[in-house]
S.K.: 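Before anything else, here's the structure in question.
Every chain is numbered from 1 and lettered A, B, ... according to where its sequence line falls, protein lines coming before strand lines.
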Number of protein chains: 2
Amino acid sequence: MKNYIHILKRTKLFAGVGDDEISAMLSCLGARLYNYKKGEYVLRQGEHLSDIIVLVEGNLHIQKDDYWGNRSILGQVAVGEMFGEAYVAPESGALLNDVVATENSTVIFFDVRKIITTCSSGCRFHYLIVQNMFFAISDKNRKLVQKLGHMSKRTTREKLISYLSEESKKQNSSSFTIPFNRQQLADFLSVDRSAMSNELCKMRDEGLIAFDKNYFRLF
Amino acid sequence: MKNYIHILKRTKLFAGVGDDEISAMLSCLGARLYNYKKGEYVLRQGEHLSDIIVLVEGNLHIQKDDYWGNRSILGQVAVGEMFGEAYVAPESGALLNDVVATENSTVIFFDVRKIITTCSSGCRFHYLIVQNMFFAISDKNRKLVQKLGHMSKRTTREKLISYLSEESKKQNSSSFTIPFNRQQLADFLSVDRSAMSNELCKMRDEGLIAFDKNYFRLF
DNA sequence: ACATTACGGTTGTATTTACAACAGAAAGAA
DNA sequence: TTCTTTCTGTTGTAAATACAACCGTAATGT
């Protein structure tokens, strides 16, 4: 486990905690290390979870099969990222997704209850972990709500207007750059790229916006 | 503030904490009570927030204006519900929404930092607040991800398949009831009611599903 | 019993989208 | 340079959606 402290150190969860402190806290946080071969399941649909998990080596896919067996990949987990934090509440019920190793992978499980209830012994930085975890999940929450706000619009144009307005607010200016290229933006908003490109040009021709690559300006 | 302890007691935040303990913890949590007249702003777009807020009387709307001034109401806050938890991380930036009182309202602000860093003095149940808050936001997170999973599907049929599959998994049966009527389900999935109704009937005619009111069965 | 309202299903049309295919520009590699 | 790849815009068509309007039924209240 000690081999991975340099990875943990760079995660959101352990931000601001030194090597020695992480090392000292591992047992206090109920840390357990597991290895998975390519293709093996880290978590299965139907299981119950009370841990937050950090990927320290390899790569994972979060995927879901619907009732009729159609599989869709919801996302991927990169080294240093955590997952499982949305299922730790007692009322959250069974997992609805599978998590599968797409390469040989190594993860560390942390017992949520041990994270939340700060111990009295030794863990000088335990409060930081609680804070980091809370801020991380709070931040994720905010981003999800924002994205949902765009996606709940019916037409591509409305989605674009919602997204661009928000980006303008965030950057506090009517001109700004976005962190996506066209394909990525289309994926983010769940629309077809060419249709979106078409709509962007219409909006430009109507004098609503101007753009060049990922630079945008609202009028 | 003491007048509202019976309200706080029934919130997710203070679940499991007794009247006396809540009363004792208020100052420790940096609680501040504010009143707003109908139409006044509780929070404004552009402000920074480091508090979690509980509505103890009245009603609030969370709303957003886009760059061109089109207003949309994103949700409403009922008595006993908390809000603001998505904006408390230092990196979350300025608020992108307004929160407006639709009736004369009373809210209590709690300092997030005081919630997270459990104090040593007197607050026997402080750890419970941290846990409650964490589970609440984690739960919200899970629901958002699920909803986003449905909404990211392109067609009404795919959205329905995604939603019904998940409901089937949750209730662990191929037949189940859903907590929505048609209009509510359409709103939840952000589609047109009549188009959705049409699609449901097509799916029924194709032998994929059967339903009666809010009872569904998958084949 | 009657009127009213809420809900679910159906249909037609105009609008919008997805999808595929293609072309030009820009960036990068050989 | 030249070739290749990536990115973006454009167009046409088939498919899906939104919207409005209408009907029948069930539930509710007077």
Side-chain angles (χ1 to χ4, degrees), chain A residues 66 68 70 72-73 147-165 167 175-219, chain B residues 66 68 70 72-73 147-165 167 175-219:
Chain A
D66 72 22
W68 292 272
N70 310 300
S72 55
I73 292 167
K147 181 166 177 174
L148 213 45
H150 310 320
M151 303 254 307
S152 64
K153 305 290 181 180
R154 304 295 176 86
T155 66
T156 299
R157 173 175 293 223
E158 283 178 313
K159 285 175 185 157
L160 285 167
I161 284 178
S162 176
Y163 173 74
L164 294 173
S165 289
E167 212 55 33
S175 59
F176 50 88
T177 60
I178 65 172
F180 298 128
N181 64 28
R182 293 290 180 279
Q183 184 62 60
Q184 292 168 327
L185 179 57
D187 289 343
F188 181 74
L189 298 177
S190 272
V191 295
D192 179 71
R193 182 198 60 78
S194 68
M196 186 191 76
S197 193
N198 195 314
E199 197 63 39
L200 277 172
C201 292
K202 279 187 201 162
M203 290 167 71
R204 179 195 55 200
D205 296 343
E206 292 173 24
L208 278 169
I209 62 175
F211 55 85
D212 180 44
K213 313 229 177 199
N214 64 339
Y215 168 85
F216 284 80
R217 185 180 175 88
L218 312 185
F219 297 111
Chain B
D66 73 21
W68 293 271
N70 311 299
S72 56
I73 291 165
K147 182 166 177 174
L148 213 45
H150 310 320
M151 303 254 306
S152 65
K153 304 291 181 181
R154 303 296 176 84
T155 67
T156 299
R157 174 176 293 222
E158 283 178 313
K159 285 176 185 156
L160 284 168
I161 284 177
S162 176
Y163 173 74
L164 293 173
S165 289
E167 212 56 32
S175 59
F176 50 89
T177 61
I178 65 172
F180 297 128
N181 65 28
R182 293 289 181 279
Q183 184 63 61
Q184 291 169 328
L185 179 58
D187 289 343
F188 181 74
L189 297 177
S190 272
V191 296
D192 179 71
R193 182 198 60 79
S194 68
M196 186 191 77
S197 192
N198 196 316
E199 197 63 38
L200 277 172
C201 292
K202 281 187 200 162
M203 291 168 72
R204 179 196 56 201
D205 298 341
E206 291 172 24
L208 278 169
I209 62 175
F211 55 85
D212 179 46
K213 312 228 177 198
N214 65 337
Y215 168 85
F216 284 80
R217 185 180 176 89
L218 312 186
F219 298 110

S.K.: B/F180 CZ to C/dG8 P: how many Å, rounded?
M.R.: 13 Å
S.K.: Looking only at the side chain of B/C201 (C-beta and beyond, no hydrogens), which of the listed nucleotides C/dT17, D/dA18, C/dG9 gets closest?
M.R.: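 Between C/dT17, D/dA18, C/dG9, the one nearest the side chain of B/C201 would be C/dG9.
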S.K.: Between B/N198 (CG) and D/dA16 (C1'), how many Å, whole number?
M.R.: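 It works out to 11 Å between those atoms.
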S.K.: Separation of B/M196 atom CE from D/dC19 atom P, in whole Å?
M.R.: 15 Å
S.K.: Of the options C/dA18, D/dG9, C/dT10, whose atoms approach the side-chain atoms of B/R204 most closely?
M.R.: C/dT10
S.K.: Under the side chain to side chain contact (heavy atoms under 4.5 Å, CB included) test against B/L160, which residue among B/I209, B/L185, B/T155 passes?
M.R.: B/L185
S.K.: Roughly, in whole Å, what's the span from CD in A/E199 to P in C/dC19?
M.R.: 17 Å
S.K.: Would you call the rings of A/F176 and A/F216 parallel, tilted or perpendicular if under 30° counts as parallel and over 60° as perpendicular?
M.R.: parallel
S.K.: So, taking the atom named CD1 in B/I161 and the one named CD in B/E199, what distance separates them when rounded to the nearest 0.5 Å?
M.R.: 8.5 Å
S.K.: Does a salt bridge link B/E206 with B/R157, judged by any charged N lying under 4.0 Å from a carboxylate O?
M.R.: yes
S.K.: Distance check needed: D/dA16 C1' versus B/R157 CZ, whole Å only.
M.R.: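 Rounded to whole Å, this separation is 11 Å.
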S.K.: Between B/K159 (NZ) and D/dT17 (C1'), how many Å, whole number?
M.R.: 9 Å
S.K.: Any side-chain heavy-atom pair from B/N214 and B/Q184 closer than 4.5 angstrom?
M.R.: no
S.K.: Of all the choices, C/dT10, C/dG9, C/dC19, which nucleotide is nearest to the side chain of A/S194 once you look at every atom?
M.R.: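 Among C/dT10, C/dG9, C/dC19, the one nearest the side chain of A/S194 is C/dC19.
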S.K.: Among C/dA18, C/dT10, C/dT16, which is the nearest nucleotide to the side chain of A/T155?
M.R.: C/dT16
S.K.: Starting at NZ of A/K153 and ending at C1' of D/dT17, how long is that distance when rounded to a whole Å?
M.R.: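 About 18 Å, once rounded to whole Å.
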S.K.: For the side chain of B/S197, starting at C-beta, report the closest nucleotide among D/dA21, C/dG8, C/dA20.
M.R.: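 The answer is C/dG8.
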S.K.: In this structure, how many angstroms lie between the P atom of D/dT8 and the NZ atom of A/K213, rounded?
M.R.: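 Going from NZ in A/K213 over to P in D/dT8 covers 7 Å.
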S.K.: Given that A/R154 and A/F211 both sit by DNA chain D, which one's nearest nucleotide is further toward the 5' end?
M.R.: A/F211
S.K.: Just compare D/dG9, C/dT10, D/dA18 and give me whichever is closest to any side-chain atom of B/V191.
M.R.: D/dA18
S.K.: Measure from the side chain of B/R193, starting at C-beta and using heavy atoms only, and say which of C/dG9, D/dA18, C/dA21 lies closest.
M.R.: C/dG9
S.K.: With a 4.0 Å cutoff (strictly under), does any side-chain N or O of A/R182 reach OP1 or OP2 of D/dG9?
M.R.: yes
S.K.: Are B/N181 and C/dC7 close enough that a side-chain N or O sits under 4.0 Å from OP1 or OP2?
M.R.: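 Yes, because at least one side-chain N or O of B/N181 sits under 4.0 Å from OP1 or OP2 of C/dC7.
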